[in-house]
Amino acid sequence: MENSYNECVKKSNDKDVSLQELRDRLAEFAEIRGWDQYHSPRNLLLALVGEVGELSEIFQWKGEVARGLPNWGSDDKEHLEEELSDVLLYLVRLADVCGLDLGRAALTKIVKNARKYPIGNKKSTT
């Protein structure tokens, strides 16, 4: 099974990865390990919060960070990628276990935000 995951990563490097693909892989990953019994919405939410805490620790004492992370080393960037991935994966799994379409919900939220914050109400940066 580990080999099939390595193959999936190689194939995914050639295309954008969809939320559905992540959802399906996470469901399979949990099922074959017998973890479904532990993946209640509450447990997944608490795990997600823990991962957000780990993500926050990366930035805790850095002050403002420039876009693109030009002053970060490759090890720091890799660590950030791992923690961001943990957050994303728990979020996708939580939405799936709750029976929600996260992609559709996100698009709906963007539309709601566009109505709430119309273009004419831009704040001046000067």
Side-chain angles (χ1 to χ4, degrees):
M1 191 54 157
E2 184 68 31
N3 195 28
S4 69
Y5 280 103
N6 290 336
E7 279 300 309
C8 288
V9 169
K10 288 177 189 173
K11 290 178 185 175
S12 293
N13 287 334
D14 298 334
K15 64 180 176 99
D16 289 334
V17 178
S18 69
L19 290 177
Q20 180 177 345
E21 183 176 355
L22 291 175
R23 184 195 69 211
D24 294 346
R25 288 195 194 174
L26 286 168
E28 178 187 13
F29 189 89
E31 182 181 349
I32 63 176
R33 287 166 175 76
W35 291 355
D36 280 332
Q37 62 183 323
Y38 306 113
H39 284 190
S40 67
R42 177 188 175 276
N43 287 348
L44 290 168
L45 175 61
L46 292 175
L48 173 62
V49 169
E51 293 300 338
V52 169
E54 290 182 26
L55 177 60
S56 298
E57 285 177 350
I58 295 173
F59 290 92
Q60 186 171 11
W61 305 113
K62 291 193 182 292
E64 285 303 316
V65 175
R67 287 178 178 243
L69 312 175
N71 300 321
W72 288 37
S74 59
D75 287 348
D76 289 333
K77 287 182 179 181
E78 182 178 346
H79 185 207
L80 178 59
E81 285 178 334
E82 290 172 356
E83 296 307 332
L84 284 168
S85 296
D86 286 341
V87 169
L88 174 63
L89 294 174
Y90 274 116
L91 185 62
V92 168
R93 185 70 175 139
L94 176 59
D96 184 32
V97 167
C98 290
L100 304 174
D101 182 335
L102 186 58
R104 185 169 310 282
L107 290 174
T108 299
K109 183 63 175 175
I110 290 171
V111 170
K112 286 180 179 181
N113 284 344
R115 288 186 195 126
K116 186 175 180 180
Y117 306 105
I119 294 171
N121 292 344
K122 278 198 302 192
K123 288 187 177 183
S124 175
T125 58
T126 58

(Q) Tell me whether the rings of Trp35 and Phe29 are parallel (<30°), tilted (30 to 60°) or perpendicular (>60°). (A) perpendicular
Q: Mind checking the CG-CG spacing from Leu89 to Leu48? Nearest 0.5 Å is all I need.
A: 10.5 Å
Q. Considering residues, nucleotides and ligands other than Phe59, do more than 12 of their heavy atoms fall under 6.0 Å from its CZ?
A. yes
(Q) Which residues pass the side-chain contact (heavy atoms from CB on, under 4.5 Å) test with Val49, not counting sequence neighbours? (A) Leu45
Q. Taking side chain as C-beta onward, heavy atoms only, is Val92 less than 4.5 Å from Leu26?
A. yes
**Q.** Gap between atom CD of Gln20 and atom CG of Asp96 - 0.5 Å precision
**A.** 10.0 Å
Q: Enumerate the residue pairs fulfilling salt bridge (charged side-chain N to carboxylate O under 4.0 Å, His left out) with a member in residues 34-60, sequence neighbours excluded, ordered by first and then second residue.
A: Asp36-Arg93
Q) Do you know the tightest heavy-atom contact between Leu94 and Pro41? A) CD1-O, 3.5 Å
**Q.** Single-linkage hydrophobic cluster, 4.5 Å side-chain cutoff, Val87 and Leu100 together
**A.** no
Q. Which atom pair, heavy atoms only, marks the closest approach of Ile58 to Trp72?
A. CG2-CH2, 3.6 Å
Q) Do Val97 and Leu46 share a hydrophobic cluster, counting only Ile, Leu, Val, Met, Phe, Trp and Tyr and linking them when any side-chain heavy atoms are less than 4.5 Å apart? A) no
Q.
Let me confirm one number: the CG-CG distance from Leu88 to Leu22, rounded to the nearest 0.5 Å.
A. 5.5 Å
Q: Only counting residues at least two apart or in another chain, list the ones meeting salt bridge (Lys or Arg N to Asp or Glu O under 4.0 Å) with Asp24.
A: none
Q) Quick one: do Arg25 and Glu21 make a salt bridge, cutoff under 4.0 Å? A) yes
(Q) To the closest 0.5 Å, what do you measure between CG (Leu84) and NE2 (His79)? (A) 10.0 Å
(Q) Distance check, rounded to the nearest 0.5 Å: Leu80 atom CG versus Leu55 atom CG? (A) 6.5 Å
Q. Are any of the side-chain heavy atoms of Glu82 and Glu78 separated by less than 4.5 Å?
A. yes
